[in-house]
Every structure is written in structure tokens, then in C-alpha cells.
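Here the structure is laid out as C-alpha cells; the discussion comes afterwards.
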There are 2 protein chains.
Amino acid sequence: MNTKAGTPISFAPVEQKIDRVCARVTAPDVPQTRQHVVLSHLIRHIQTAQAARSNAFLREYELNAVSFTALMMLFSSPECALNPSELADATGESRANVTRICDELVSKQLLTRTPNAEDRRRVDLRLALEGDELVQRFLPQMRDRVHNVFNVLSQDERDTLENLLKRVLTELG
Amino acid sequence: MNTKAGTPISFAPVEQKIDRVCARVTAPDVPQTRQHVVLSHLIRHIQTAQAARSNAFLREYELNAVSFTALMMLFSSPECALNPSELADATGESRANVTRICDELVSKQLLTRTPNAEDRRRVDLRLALEGDELVQRFLPQMRDRVHNVFNVLSQDERDTLENLLKRVLTELG
DNA sequence: TTTTGATAGTATCATTTAGAACTAAAACAT
DNA sequence: ATGTTTTAGTTCTAAATGATACTATCAAAA
């Protein structure tokens, strides 16, 4: 990923190429397909750019976007606790990766791992005090440096975007 | 919030957690920030799910989503040729990664790599006949199995989504 | 019960990736 | 011309990730 500061992310060349794909393909529904491809690539480019921003900021603190998301999901859970598989669902990461991430976070004393008494297959992940403080300290900066790109949209537009994206995600589920 | 119409089942727990984050944080613009975070996570989950779909399909043919995108970007370029750095921009991958991907694709004889006569720093990547055929053969299947999730939206809604996403991406650039 | 299947978590392995260092060539400045 | 800076591409290294296989536990069926 090209994370170099100052490198403009220009989508126009990508879209030109998608247009040329369509020009070369014969199918009954080319314009619609073209738009589907455009939308897919838009989402991919936005997600890539956002991840780059998050990581660039968090790297100064020896964290990454996925670890921070994990901490935030714990921060927001009842009693700041989740099972690994719940955390996997919440973050979108594989369970294997959640195990590794939690290894790291435990070693940094940002969360604790304790066996669950009722179901001995389970493990309880619980945010440590330090992890809680870290989330509270970083959230405002994440807001200013990552999430506020959506301020280019009006409130109505953001509502619309939220609605549309949710419907797409439902279709993918 | 999980009762909100259209909220995908898999995302509802995520949104609940975001709500709890907001409940625990004191800031002047919490509702807006909440929505920004929701939108970021929606985009991330959609992109993850789409990549998983693409890869699941392409793996049968010993390809992955990034390689296929690279082939498609070449397919759509004038004379089916690009430089590695242009390909990096078009796919969103790092130049280092483009080098590796092209190694693979060359070894599969899907594209060729030739030194550029005018600028000897440059390299010309050109889609081979086999690569061209592969793209034409796979595009319809990619459409049916990956891109057509956007069919849940009406044409107007897709236009709106495209417009909104483009503005967000511009802001990230 | 016993067995069969499902679930939770982890360990292992191969793949994918970004970042930094490096080489070569072109562009630019003096 | 000469030296400096920028650009293109690759190589190398370390990190991140997913797929798979495995163990332990629970649940359900026989």
C-alpha cells in the first residue's frame, strides 16, 4: 500500500480503466456491471486509505488498527469482557488472528485472559485498566485523524450512506 | 439499535458496541463521531467480505483478488500495457508487492515484462494472450459471484452511493 | 450411558504484505 | 561537464494474516 504522505489518491485513472474493460466486453448489462465494479473498487480504496491513516497514527504507540479496534470492542462491552470468537466477529478478523492479537495485548498488559468457569472451552478476555485508559486517551485522536473524513458529507448524506452500506453488507452476510 | 430495519445481523453487535463506546465517552459531538465510526466499520466489513468472496472463487484457479485486479487493470489499459508503478496506483498495492505479483503472473505466462526502450529505468508490463483470455473468461463469473451484491440497491441508490463514496475518497487523498 | 457431532480456542504453516535499503537511470542544478 | 536530487524498480526482512489441523469441552442422539 502506498502510504507515503502527499501521494494523492486519485480514483479517476482506476475508473478510466474500468470503462475500458467495459468497452472491451460484450454482455447485456455492461453499464450496471461497470458500476458494480466501480463501487467495489471505491470501497476497497477507501478502506485501504483509512487503514493506512490509522496505522500511521497508531504505529507511534506500537499499536495497529486491528489491535486498537479489538481494545475498543472490549471497551464497549458489558464489563469490558468478550470471548475470543465474539471479538473475532466484532473486528472481522479470523479467530486465529484474534488469538495472536490477544497474545500481544496480554503481553502489553492491556487485557487479561482468564478461563471461563461455566464453560471450560471458553476464555474471558477482559480489558485491563491500562487498556481502558489507552482507549479513552486515543479515541479523540482517532476521531480527528481518521474518522472525520466523513465530515465532507452532510448529516442527511451520512444517514443515506449508512443505510445503503448496511443493506449491501446484509446482502453479503 | 439492533432492531433498526435493514441492519445486518452480523453488524448489529458491532453497532451496539459502538453505542456503548459513545455512552462511556464525554465529548461535544458524540452522535456524529458515533456515525463516523459506524461508517468506517461498515466499509471495513464490506471490503473484508468481498475480498473473501473473490478469493474463495479465484482460489480454485490458483489466483487471488489482487492478481486478478492487476490483470484487469492491464486488460483495460491502452495496448494492455502499464508500468509497475502505474499498476501499483491502479490496484492500491505497494510497488514492492506489485513486483512479487508480477513475478507470479509472468511465471504463469499471463503477462510479459520487457524493458522500456525510451526510459531504461522503466519496465513494460503487457498482458499476454492467455491473460487476456483469462480475464474475459472470469469477468462474468466475478460479476455474478462478487459484484452483484449491489443489486440490492436500485439504480438511483447506486448512483447516490457512488457519488458519496467518491467524495469520501477524495477527502482521503 | 455411550457415541456422535458441534463448538471454542489454539498452534502451525504458507501466503500476503508493507517498509526500508539498494541499484540504476533520468532530470536537474550549478 | 559535474554533482545532486528524483524516480523506477527490485530485493530483503519482518510483520500480519488466513486456512488448516488439532485439542478440549459441551450438547445431543442413540
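Just so it is clear: chains get the letters A, B, ... in the order the sequence lines come, proteins before strands, and each one is counted from 1. The structure displayed is predicted, hence computed values, not measured ones.
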Could you walk me through whether B/Thr69 and A/His41 satisfy the side chain to side chain contact (heavy atoms under 4.5 Å, CB included) test, starting with their C-alpha distance in whole Å, then the side-chain angles of each, then the deciding distance to 0.1 Å, before giving a yes or no? CA-CA 9 Å; B/Thr69 299; A/His41 283 260; 3.5 Å; yes

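Between B/Ser85 and D/dG9 there is a side-chain polar atom (N or O) within less than 4.0 angstrom of OP1 or OP2.
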Which protein N or O atoms sit under 3.5 Å from an N or O of nucleotides 21-25 of chain D?
{"from": "D/dT25", "atom 1": "O2", "to": "A/Arg121", "atom 2": "NH1", "distance (Å)": "3.3"}

Distances for protein N or O near nucleotides 16-19 of chain D N or O, under 3.5 Å:
{"from": "D/dA16", "atom 1": "OP1", "to": "A/Asn64", "atom 2": "ND2", "distance (Å)": "3.3"}
{"from": "D/dT17", "atom 1": "OP2", "to": "A/Asn97", "atom 2": "ND2", "distance (Å)": "3.3"}
{"from": "D/dT17", "atom 1": "OP2", "to": "A/Arg100", "atom 2": "NH2", "distance (Å)": "3.2"}
{"from": "D/dT17", "atom 1": "O5'", "to": "A/Asn97", "atom 2": "ND2", "distance (Å)": "3.3"}
{"from": "D/dG18", "atom 1": "OP2", "to": "A/Glu93", "atom 2": "OE1", "distance (Å)": "3.3"}
{"from": "D/dG18", "atom 1": "OP2", "to": "A/Ser94", "atom 2": "N", "distance (Å)": "3.4"}
{"from": "D/dG18", "atom 1": "OP2", "to": "A/Ser94", "atom 2": "OG", "distance (Å)": "3.1"}

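Atom CG in B/Asn55 sits roughly 13 Å away from atom C1' in C/dT17 (whole-Å rounding). Atom C1' of nucleotide C/dT7 and atom CD of A/Glu86 are separated by 13 Å, given to the nearest angstrom. Regarding A/Leu82, its CG atom lies at a distance of 14 Å from the C1' atom of C/dA8, rounded to whole Å. In this structure, A/Asp103 atom CG and C/dT12 atom C1' are separated by 13 Å, rounded to whole Å. As a whole-Å value, the separation of B/Leu87 CG from D/dG9 P is 10 Å. B/Leu105 places its CG atom 11 Å from the P atom of C/dT16, with the value rounded to the nearest Å. Look at CG on B/Asn116: it is 12 Å from C1' on C/dA26, rounded to the nearest Å. A straight line from CG of A/Asp89 to P of C/dT7 spans 13 Å, rounded to a whole angstrom.
For A/Arg100, the salt bridge (Lys or Arg N to Asp or Glu O under 4.0 Å) partners at least two apart in sequence or on another chain are A/Glu104. Every residue was checked against the side-chain hydrogen bond (donor to acceptor under 3.5 Å, both in side chains) condition with B/Thr99, not counting sequence neighbours, and none meets it. With sequence neighbours excluded, no residue satisfies salt bridge (Lys or Arg N to Asp or Glu O under 4.0 Å) with A/Glu171. Contacts of B/Arg44 classified as side chain to side chain contact (heavy atoms under 4.5 Å, CB included), with partners at least two apart in sequence or in another chain: A/Gln47, A/Val66, A/Glu93, B/Thr48. Under the side chain to side chain contact (heavy atoms under 4.5 Å, CB included) criterion, B/Thr160 pairs with A/Thr160, A/Leu164, B/Leu164, not counting sequence neighbours.
A ring pair (Phe, Tyr, Trp, His ring centres under 6.0 Å) check over residues 93-146 of chain B, counting only residues at least two apart or in different chains, returns the pairs B/Phe57-B/Phe138, B/Tyr61-B/Phe138. The ring pair (Phe, Tyr, Trp, His ring centres under 6.0 Å) pairs that include a residue from residues 77-124 of chain A number zero, where partners must be two or more places apart or lie in different chains.
No donor-acceptor contact under 3.5 angstrom links the side chains of B/Gln50 and B/Arg53, judged on distance only.
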